[in-house]
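Heads up: numbering here begins at 1 and tracks the sequence. Just so you know, these numbers come straight off a predicted model, no measurement behind them.
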Amino acid sequence: MTALLLALLAVCVLTACAGEGSPSGAVTTPNTANPSSETVSGFASSAASEPTPVPQPTPVKEPADETTPGPDADTKVLVAYFSATGNTRPLAEYLAEGLSADLYEIVPEKPYTDADLNYSDSGSRSSVEMNDPNSRPAVSDPVENMEQYDIVFVGYPIWWGQAPRIISAFLESYDWSGKTIIPFCTSGSSPIGSSAASLESLTAGADWLPGQRFSSDTNQEELLSWVDGLDLPLTAE
């Protein structure tokens with residue numbers, strides 16, 4: 001009897017063990033992957049679909065044109081000068097170059113010699129001319145087409161406190177109506193004084209602007225600075 005009970009108990013235990021396991025009999029493989037790998041993978045995928053914008057260069061603004069204008073297109077400028085010893089010539093050249101003006105040298109028909117310029121000799125040519133207000137030394141060649149010029153700078157050395165008589169001869173040779181005349185002179189110490197006023201009476205119809213005395217070693221910058229202050233229809237370059 002006891003043996004029969006033990007046999008029945010063994011059958012029941014075997015039957016219960018056979019019912020455990022997967023309901024469908026399929027083998028379930030545990031997920032051993034790193035749970036955070038999906039998040040990283042998903043972020044990378046999202047980043048790949050939205051590429052990082054490439055910074056665009058900032059447009060560079062072109063600099064403004066700072067070209068210095070010269071004389072107005074309709075304004076013609078002449079720099080006329082007399083230079084017996086060469087002191088006035090460089091200043092005239094500075095002006096002509098800086099203003100894009102034409103340059104004209106007042107050349108005496110009879111050149112001056114060193115003896116002619118001996119101021120201490122009362123019988124020298126220059127002394128005789130300056131002692132005679134009516135003296136008019138002949139000028140070699142005239143200005144071509146003087147009528148085309150609107151502004152004329154007239155340069156000369158100071159002799160006995162005045163402009164050389166050849167300047168008077170030059171001015172009396174042309175019609176100055178409607179033109180602007182600006183005198184400039186060279187001297188070691190004497191001012192322009194009354195030299196300009198004496199010349200102005202020879203140029204009826206002209207507009208005279210204040211003149212200026214310069215030493216022979218004046219540079220171009222100083223000259224053009226003076227011109228800038230004259231309020232002329234031109235700009236020093």
Next item on the list: Of all the heavy-atom pairs spanning Ala163 and Met130, show the shortest one and how long it is.
Entry: O-CE, 3.5 Å
Note to self: So which atom in Gln220 and which in Gly98 form the shortest heavy-atom distance, rounded to 0.1 Å?
What the structure shows: NE2-N, 3.6 Å
Note to self: I'd like to know if the side chain of Glu129 reaches the main chain of Ser126, judged simply by a donor and an acceptor atom lying under 3.5 Å from each other, with no hydrogens or angles considered.
What the structure shows: no
Item checked: From CG (Leu171) to CD1 (Ile166), nearest 0.5 Å -> 11.0 Å
Next item on the list: With sequence neighbours left out, write down each residue that passes salt bridge (charged side-chain N to carboxylate O under 4.0 Å, His left out) with Glu221, or none if nothing qualifies.
Entry: none
Next item on the list: Compare all side-chain heavy atoms of Ile182 with those of Leu232 and state whether any distance is below 4.5 angstrom.
Entry: yes
Item checked: With sequence neighbours excluded, residues passing side chain to side chain contact (heavy atoms under 4.5 Å, CB included) with Val107 -> Glu105, Ser140
Check: For atom CG of Asp114, is the number of surrounding heavy atoms from other residues, nucleotides or ligands below 6.0 Å larger than 12?
Finding: no
Notebook entry, point to check: Which pairs count as ring pair (Phe, Tyr, Trp, His ring centres under 6.0 Å) when at least one residue sits in residues 184-219, sequence neighbours excluded?
Noted result: Phe214-Trp226
Note to self: Working to the nearest 0.5 angstrom, can you tell me the gap between Leu91 CG and Ser215 OG?
What the structure shows: 7.5 Å
Notebook entry, point to check: For Asp231, does the CG atom have more than 12 heavy-atom neighbours from other residues, nucleotides or ligands under 6.0 Å away?
Noted result: no
Next item on the list: Find the distance between CG (Leu78) and CG (Asp102) and round it off to the nearest 0.5 Å.
Entry: 6.5 Å
Notebook entry, point to check: Who pairs with Ser83 by side chain to side chain contact (heavy atoms under 4.5 Å, CB included), at least two apart in sequence or on another chain?
Noted result: Tyr81, Thr88, Arg89
Note to self: Any heavy-atom pair between the side chains of Ile192 and Pro183 that's under 4.5 Å?
What the structure shows: yes
Check: Rounded to the nearest 0.5 Å, how far apart are CG of Asn118 and OG of Ser124?
Finding: 5.5 Å
Checklist line | Asp228 and Ser225 side chains, donor-acceptor separation under 3.5 Å | finding: no
Note to self: To check you understand the geometry: which heavy-atom pair defines the closest contact between Ser198 and Gln162, and what is its length?
What the structure shows: OG-OE1, 3.3 Å
Margin query: Quick check: do Pro90 and Ser216 have side-chain heavy atoms less than 4.5 Å from each other?
Written below: no
Notebook entry, point to check: When clusters are formed by joining ILVMFWY residues with side-chain heavy atoms under 4.5 Å apart, either directly or through shared neighbours, do Val79 and Ile106 land in the same one?
Noted result: no
Notebook entry, point to check: Is the shortest side-chain N to carboxylate O distance from Asp132 to Arg165 below 4.0 Å?
Noted result: no
Notebook entry, point to check: Just how far is it from atom OG1 of Thr75 to atom CG of Asp150, taken to the nearest 0.5 Å?
Noted result: 5.5 Å
Next item on the list: Count the heavy atoms of every other residue, nucleotide or ligand shown that sit under 6.0 Å from CD of Gln148, and state whether that count exceeds 12.
Entry: yes
Item checked: Heavy-atom side-chain proximity of Thr203 to Lys179 below 4.5 angstrom -> no
Check: Do Trp159 and Tyr119 get their side chains close enough for a donor-acceptor pair, meaning under 3.5 Å?
Finding: yes
Notebook entry, point to check: Is any side-chain heavy atom of Lys110 less than 4.5 Å from a side-chain heavy atom of Pro137?
Noted result: no
Check: Going by atom types alone, do Tyr156 and Ser195 pair a side-chain donor with an acceptor below 3.5 Å?
Finding: yes
Item checked: Test side chain to side chain contact (heavy atoms under 4.5 Å, CB included) applied to Ser177 - qualifying residues, sequence neighbours left out -> Asp175
Next item on the list: List the atom of Ala206, the atom of Ile181, and the distance in Å for their closest heavy-atom pair.
Entry: CB-CD1, 3.8 Å
Item checked: Closest approach of Pro111 to Arg125 (non-hydrogen atoms, all atoms of both residues) -> O-NH1, 3.2 Å
Notebook entry, point to check: Are Val139 and Leu202 connected in a single hydrophobic cluster, I mean Ile/Leu/Val/Met/Phe/Trp/Tyr linked by side-chain heavy atoms less than 4.5 Å apart?
Noted result: yes
Notebook entry, point to check: Quick one: are Tyr174 and Tyr149 in side-chain contact, heavy atoms under 4.5 Å?
Noted result: no
Check: Rounded to the nearest 0.5 Å, how far does CD1 of Ile151 lie from CG of Leu99?
Finding: 8.5 Å
Checklist line | Residues in ring-ring contact (aromatic ring centres under 6.0 Å, His included) contact with Tyr104, at least two apart in sequence or another chain | finding: Phe170
Notebook entry, point to check: Between Tyr94 and Thr218, which heavy-atom pair has the shortest distance, and what is it?
Noted result: CE1-O, 3.4 Å
